[in-house]
Amino acid sequence: MTVAPSRDEAAGVHPAALAAPADVADASVWAVRTEGLTKRFRSGQVAVDGIDLAVPRGAVYGFLGPNGSGKTTTIRMLLGLVQPTSGVAWLLGRRMPESAATVLPRVGALVEGPAFQPYLTGRANLARLEAADATADPRTARGRAEAALERVGLAAAAAKPYRQYSLGMKQRLGLAAALLRPRDLLVLDEPTNGLDPQGTREVRHLVRELAAAGTTVLVSSHLLTEIEQVCSHVGIMSRGRLLVQGERESLVAREAVRVRLLTRPADVAAATAVLRRLGLHDVVDEPAGAEGAPVTATVGDHDPAAVVAALVAEGVAVLGFGVERPSLEQMFVELTGEGFDVAR
Ligand SMILES: Nc1ncnc2c1ncn2[C@@H]1O[C@H](COP(=O)(O)OP(=O)(O)OP(=O)(O)O)[C@@H](O)[C@H]1O
Ligand SMILES: [Mg+2]
């Protein structure tokens with residue numbers, strides 16, 4: 001698929017991001033760009049293999065891939081925590097890691113293994129991070145820390161020492177640290193790790209809220225379904241390579257969208273005839289069940305409403321009718337030939 005997004009304009013995404021190729025360093029268009037970004041570890045393993053990330057300003061970019069596919073390594077390179085073996089990365093239009101000092105204050109990050117002090121409370125840990133941030137206004141520090149704790153649902157546990165935190169609480173504190181001040185870009189590495197379903201919903205809600213307020217969000221996950229719904233854009237990693245990226249809607253190919261009619265067994269022949277006459281492809285009648293006889297077909301450019309109208313006009317009993325869009329997960333499996341959760 002395309003590196004630069006795509007035909008339809010997504011809400012909040014800068015219009016110029018849709019008219020590729022844009023200048024990779026244009027910060028009004030791109031929040032993150034990389035070219036040929038590569039990391040080969042000393043072990044010889046190529047964890048990230050020449051990827052060209054393109055995260056438009058205003059996007060919620062789901063950075064997806066199975067365990068070990070290179071997501072964290074990529075994110076660590078973006079944030080200047082790991083030196084790339086080769087390739088280039090721009091964050092908010094500035095080269096990384098050279099521009100770390102000027103760019104990173106505008107970037108909130110949640111990455112594996114954040115540096116919290118085990119014997120300090122959650123609140124005291126945030127205060128420490130605040131104090132270490134030379135660009136933050138110390139007069140409003142307390143208010144910001146409290147607001148961040150509130151926002152991630154940690155206010156009640158703020159007085160507990162970090163070492164007594166559950167995994168979910170630790171994760172929430174990491175999120176609070178990323179939210180200490182307004183950011184132009186949030187980079188969240190597996191923010192739902194260790195969270196219960198309610199916590200996962202809260203993170204999704206938070207991401208939506210932040211995106212609505214204009215923050216670009218790059219969020220990684222090995223669990224596609226956890227973040228799929230909030231993403232405007234998606235990039236899928238497998239074995240160090242970026243297999244596809246682009247607008248989520250356009251990644252699921254239109255050709256793959258099928259209609260599914262339920263009719264009476266006696267009407268199957270008439271139904272398949274109508275669908276074929278309309279020009280729908282791959283018309284298949286499936287074994288009838290208790291609910292009726294299913295007939296499916298690839299919808300292509302046809303308007304599903306017109307298909308129903310034509311069926312009814314021909315006297316075909318329409319007991320049920322649906323449009324089945326393949327999920328990203330199905331696409332992923334087709335692309336990689338592996339399940340989503342397979343480790344390397
Ligand atoms: N410091 C390191 N030294 C050597 N190999 C490493 C190092 N860090 C990561 N790797 C390897 O690089 C590959 C990619 O790891 P990475 O942590 O980037 O994957 P990931 O997509 O974040 O996985 P997960 O979903 O499990 O978090 C893995 O095979 C991993 O073993
Ligand atoms: Mg990871």
Side-chain angles (χ1 to χ4, degrees), residues 31-32 55 57-63 71-72 74-82 89 91-92 94 96-97 100-117 120-137 140-155 157-158 162 165-195 199-221 226-227 230-231:
V32 178
V55 180
R57 206 72 188 261
V60 175
Y61 186 105
F63 193 39
K71 304 180 297 294
T72 297
T74 300
I75 285 172
R76 295 181 76 84
M77 286 194 280
L78 292 179
L79 297 172
L81 299 170
V82 166
L91 225 54
L92 300 170
R94 307 288 192 87
M96 284 296 290
T102 48
V103 172
L104 290 185
R106 297 167 58 201
V107 180
L110 170 70
V111 213
E112 274 169 28
F116 289 119
Q117 296 290 328
L120 292 180
T121 65
R123 180 178 282 123
N125 264 295
L126 284 192
R128 206 180 130 262
L129 286 179
E130 267 290 358
D133 186 347
T135 61
D137 182 352
T140 52
R142 196 186 165 85
R144 281 197 307 271
E146 292 307 318
L149 288 165
E150 193 69 48
R151 210 156 184 196
V152 300
L154 212 55
Y162 181 76
Y165 273 13
S166 69
L167 178 56
M169 289 174 176
K170 288 177 177 163
Q171 197 71 354
R172 285 165 195 257
L173 189 64
L175 267 175
L179 296 174
L180 269 176
R181 38 194 304 218
R183 315 282 191 176
D184 294 319
L185 170 66
L186 269 182
V187 180
L188 307 176
D189 191 17
E190 307 261 1
T192 57
N193 235 2
L195 295 184
T200 300
R201 270 194 298 277
E202 284 167 21
V203 166
R204 274 200 298 264
H205 182 74
L206 194 63
V207 166
R208 270 203 201 98
E209 220 175 74
L210 291 161
T215 306
T216 306
V217 184
L218 171 63
V219 52
S220 86
S221 182
E226 282 200 345
I227 59 164
V230 294
C231 299

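Keep in mind that what you see is a predicted model, and the values were worked out from it rather than measured.
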Starting from the C-alpha separation in whole Å, work towards a yes-or-no answer on side-chain contact (heavy atoms from CB on, under 4.5 Å) for Leu188 and Val207.
-> CA-CA 10 Å; Leu188 307 176; Val207 166; 4.2 Å; yes
Does atom CZ of Arg142 have more than 12 heavy-atom neighbours, drawn from other residues, nucleotides or ligands, at distances under 6.0 Å?
-> no
In terms of heavy-atom contacts, Ala211 and Val60 come closest through CB-CG2, 3.4 Å
Nearest heavy atoms of Leu180 and Ala148, plus distance in Å = CD2-CB, 4.3 Å
Looking at residues at least two apart in the chain, or sitting in another chain, which of them share a side-chain hydrogen bond (donor to acceptor under 3.5 Å, both in side chains) with Arg183?
-> none
Could you grab the distance from atom CG of Leu175 to atom OG1 of Thr192, nearest 0.5 Å is fine?
-> 9.5 Å
Got more than 12 heavy atoms from elsewhere within 6.0 Å of CZ, Arg94?
-> no
Minimum side-chain heavy-atom gap Arg57-Leu92 below 4.5 Å = yes
Check Val203, Leu195, Leu154 against Gln171 for a side-chain contact (heavy atoms from CB on, under 4.5 Å) and give me the one that passes.
-> Leu195
Is there side-chain contact between Leu126 and Leu173, with heavy atoms separated by less than 4.5 Å?
-> yes
Could you please spell out the steps behind the side-chain contact (heavy atoms from CB on, under 4.5 Å) verdict for Leu104 and Leu79?
-> CA-CA 7 Å; Leu104 290 185; Leu79 297 172; 4.2 Å; yes
Nearest-0.5 Å distance, CZ of residue Arg151 to CG of residue Leu206 | 5.5 Å
Reported CG-to-CG distance for the pair Leu179 and Leu186, which is rounded to 0.5 angstrom = 6.0 Å
Hey, does Asp189 have a side-chain heavy atom less than 4.5 Å from the side chain of Phe63?
-> no
Drop me the distance from Leu91's CG to Met77's CE, to the nearest 0.5 angstrom.
-> 12.5 Å
Could you tell me the separation between the NZ atom of Lys170 and the CG atom of Asn193, rounded to the nearest 0.5 Å?
-> 12.5 Å
Closest heavy-atom pair, Ala100 versus Pro105, reported as atoms and distance to 0.1 Å, is O-CD, 4.0 Å
Would you call Leu218 and Leu78 a side-chain contact if the rule is heavy atoms closer than 4.5 Å?
-> yes
May I ask you to check whether over 12 heavy atoms, not counting those of Glu150, lie within 6.0 Å of atom CD?
-> no
With the side chain counted from C-beta on, respond yes when Leu81 and Ile75 share a heavy-atom pair under 4.5 Å apart, and no when they do not.
-> no
So do Pro191 and Val219 actually touch side chain to side chain, heavy atoms under 4.5 Å?
-> yes
Spacing of CG belonging to Leu167 relative to CZ belonging to Arg172, to within rounding of 0.5 Å | 11.0 Å
List the atom of Glu190, the atom of Ser220, and the distance in Å for their closest heavy-atom pair.
-> N-OG, 2.9 Å
Please report the closest heavy-atom contact between Gly58 and Thr216, naming both atoms and the distance.
-> N-OG1, 2.8 Å
Please report the closest heavy-atom contact between Ala177 and Phe116, naming both atoms and the distance.
-> CB-CZ, 4.1 Å
